[in-house]
2 protein chains.
Amino acid sequence: MSSTIPRRRPTIDDVAREAGVSRGTVSRVLNGGHWVSPDSLTAVNAAIKKTGYRINPHARNLATSRANSVAFLLTESHDRLFEDPNFSILMRGAAQALEEHDIPLVLLMAGSEAEQKRVTDFIIAGHVDGVLLVSSHSRQHDFLADLVRSKVPAIACGIPLGFERKIGFVAADDRDGACEVVDFLRDQGRTRIATIAGPQDTSGGTGRLEGYRERLGELYDETIVEIGDYSRASGASGMRALLKRDPSIDAVFAANDLMAAGALDVLQASGRRVPEEIALVGFDDSPVATTTTPELTTMRQPFDRISHEMVRLLLQVIEGQPAAAMTLPTELVRRGSA
Amino acid sequence: MSSTIPRRRPTIDDVAREAGVSRGTVSRVLNGGHWVSPDSLTAVNAAIKKTGYRINPHARNLATSRANSVAFLLTESHDRLFEDPNFSILMRGAAQALEEHDIPLVLLMAGSEAEQKRVTDFIIAGHVDGVLLVSSHSRQHDFLADLVRSKVPAIACGIPLGFERKIGFVAADDRDGACEVVDFLRDQGRTRIATIAGPQDTSGGTGRLEGYRERLGELYDETIVEIGDYSRASGASGMRALLKRDPSIDAVFAANDLMAAGALDVLQASGRRVPEEIALVGFDDSPVATTTTPELTTMRQPFDRISHEMVRLLLQVIEGQPAAAMTLPTELVRRGSA
DNA sequence: CTGAAAGCGCTTACAG
DNA sequence: CTGAAAGCGCTTACAG
């Protein structure tokens, strides 16, 4: 095993020499082994093992003009990123789904406009083959327009308001989920159901509010509707406003668990018993839901499925297929708060 | 502006032609503009603008055999990832620091052994120039050994137990921070100070326990020491055990905020008043610290500095300098719990 | 099924 | 300061 050859990294040529074939043949076995004779296949595989060869991804990228990587693009303010575990959960799921295809996930954050410019350049430069778009408020219209113009494959999480036809997406059925929450609350005999809705430039925010409104029909009363920004703090202030405006409410639907947790804090500080006097339902089934006392009853979003489907759809778009849109059902998780 | 040339992406040759120079000169401009005459410089820059040229990263990577990207490697179980916002905070900080150098952050997760194998392969293949190592329990000894053997530049967050001399790192001064907590509590007149320590295969876990023990000296009593795993649940069960074993404790030092929050839940459920009857101090100053009632008094870890210094040190190692180690001071943040 | 050859788009000594 | 040329390590028609 002594060798006087300098210890450089083996290339495809070393493997070819070792296996006694041309480098084209080696390349073919590296890329699926089609149109390769059984003999060559074994020879090449043995040579790969013997030489310790590994594909040089840069060379391959240049030759195929593919990056073989995908970006997870967060266009959310930095604070919300850490407050809300949904992002990490989606990211984890996406990274896992991609791992099966040996595709690394590149994290891109574009909270500010300067960052958006930089990210656009980065994507246009061809650093990634596709983009997983997370949390696009519609105020980022220009940014999304740039993305669409660049023709980079992209799939959004939630409906990309204003780009429904241009960008594929995977969304939970927000509207239907909200309807179910209302039904659930009414079945319990609740008659005065308030809501703390999410940001209205977000599909989850509008969808859940629409479902709530639609299902309440005649009973819908905008004086017991508050709009939050999905943060715990906004849930608390929304709850305070609601309580002041109408002390008779006997149920609250918060558009996410974080706001529900904030609302719960206020409810308890004000001495209301949950769920006896006021029922509280959140949305997401995020980790916070089980840290409160009582734990939160909530509409579960299938985050794992969402991230996996996003990856699947993105890979399809990268392969050249037209972008698809997908809506996934939510599911009520009963716990202590309602 | 009419052109019959097919709309392919401009290369360095297009720029060279447009500027009337060789492509070597264009390349020099692209790489800092050294050894380029002012005239050429202007001509090239104009040509770049006119053609809309962008560097093809894949070609550059192949030519320089550099990936121009860095990995954020999480070797933590998936659950803890979302429960504990520290990881996201570090990741955000690292991504930001890297952005200034136009270096993308690649997210790598290696919770299971299978994942570790895959990640090792990925790194050895040369996909990234360096690795930011986050949360390495020492039970991942083999994995780290592989990493060291591969000679990939790496910087750890916290002291990489067992590899202190092999891998550079940035750590908070855990020991000193714990000492300060004890001092603070004793200055308040607390005489029976218990602790819920962190995992002992982690530098933060051992360092904070050592500081606590050292400062308590004669008073150190292992019957009021519980070991947790940094999760909220373990803080709660640790607190229950402590209370049962010694109802007379009047202060608790939890090795992180999440465990402190769990301990607080138990304390309040058992009717103890915090901080009147029992003082409670956490560690981290993470977002949870301000979601409890009372809010947590805690030792702040300078996560932003930590992530930025990690990036700085990693970049140095990538440049060929020897790996440095760095310890950053912590700071007490007084809030309601002590 | 296989090999020779061109090509992907840069960088970097080297000679001048 | 500049250009011509070699090289980075793959992939992919093409001809056989």
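In what follows, chains are A, B, ... by sequence order, proteins preceding strands, each numbered from 1.
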To the nearest 0.5 angstrom, please state how far the [atom1] atom of [X] sits from the [atom2] atom of [Y].
| X | Y | atom1 | atom2 | answer |
| --- | --- | --- | --- | --- |
| N56(B) | R9(B) | CG | CZ | 5.0 Å |
| T64(A) | H58(B) | OG1 | NE2 | 7.5 Å |
| I123(A) | S150(A) | CD1 | OG | 6.5 Å |

Runs of at least three Watson-Crick or G-U pairs with DNA chain C, cut-off 3.5 Å
C:1-3 with D:14-16, C:5-12 with D:5-12, C:14-16 with D:1-3
Does S40(A) have a side-chain nitrogen or oxygen under 4.0 Å from the phosphate oxygens OP1 or OP2 of dC1(C)?
no
Phosphate-side-chain proximity, S37(B) and dC1(D), N/O vs OP1/OP2 below 4.0 Å:
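Answer is no, no contact under 4.0 Å.
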For nucleotides 7-16 of chain C, just jot down a letter per nucleotide in 5' to 3' order: B, S or -, based on protein non-hydrogen atoms under 4.0 Å.
BBBBBBB---
Give me the one residue out of D201(B), T75(B), D146(B) that meets side-chain hydrogen bond (donor to acceptor under 3.5 Å, both in side chains) with Q140(B).
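By the side-chain hydrogen bond (donor to acceptor under 3.5 Å, both in side chains) criterion, Q140(B) pairs with just one of D201(B), T75(B), D146(B): T75(B).
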Please verify the inter-ring angle class for H141(A) with F163(A); under 30° counts as parallel, over 60° as perpendicular, anything in between as tilted.
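Plane angle between 30° and 60°, so tilted.
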Salt-bridge test for D121(A) and K117(A): reply yes if a basic N is under 4.0 Å from a carboxylate O, no otherwise.
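Salt bridge flag = yes for K117(A) with D121(A).
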Sidechain N-carboxylate O distance under 4.0 Å for E115(A), R118(A):
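So E115(A) does not pair with R118(A) through a salt bridge.
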Calculate the interatomic distance between D39(A) atom CG and dT2(C) atom P; express it in whole Å.
8 Å
Going by side chain to side chain donor-acceptor pair (under 3.5 Å), name the pairs with one or both residues in residues 154-169 of chain B, residues two or more places apart or in two chains.
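Sorted result for residues 154-169 of chain B: empty, none.
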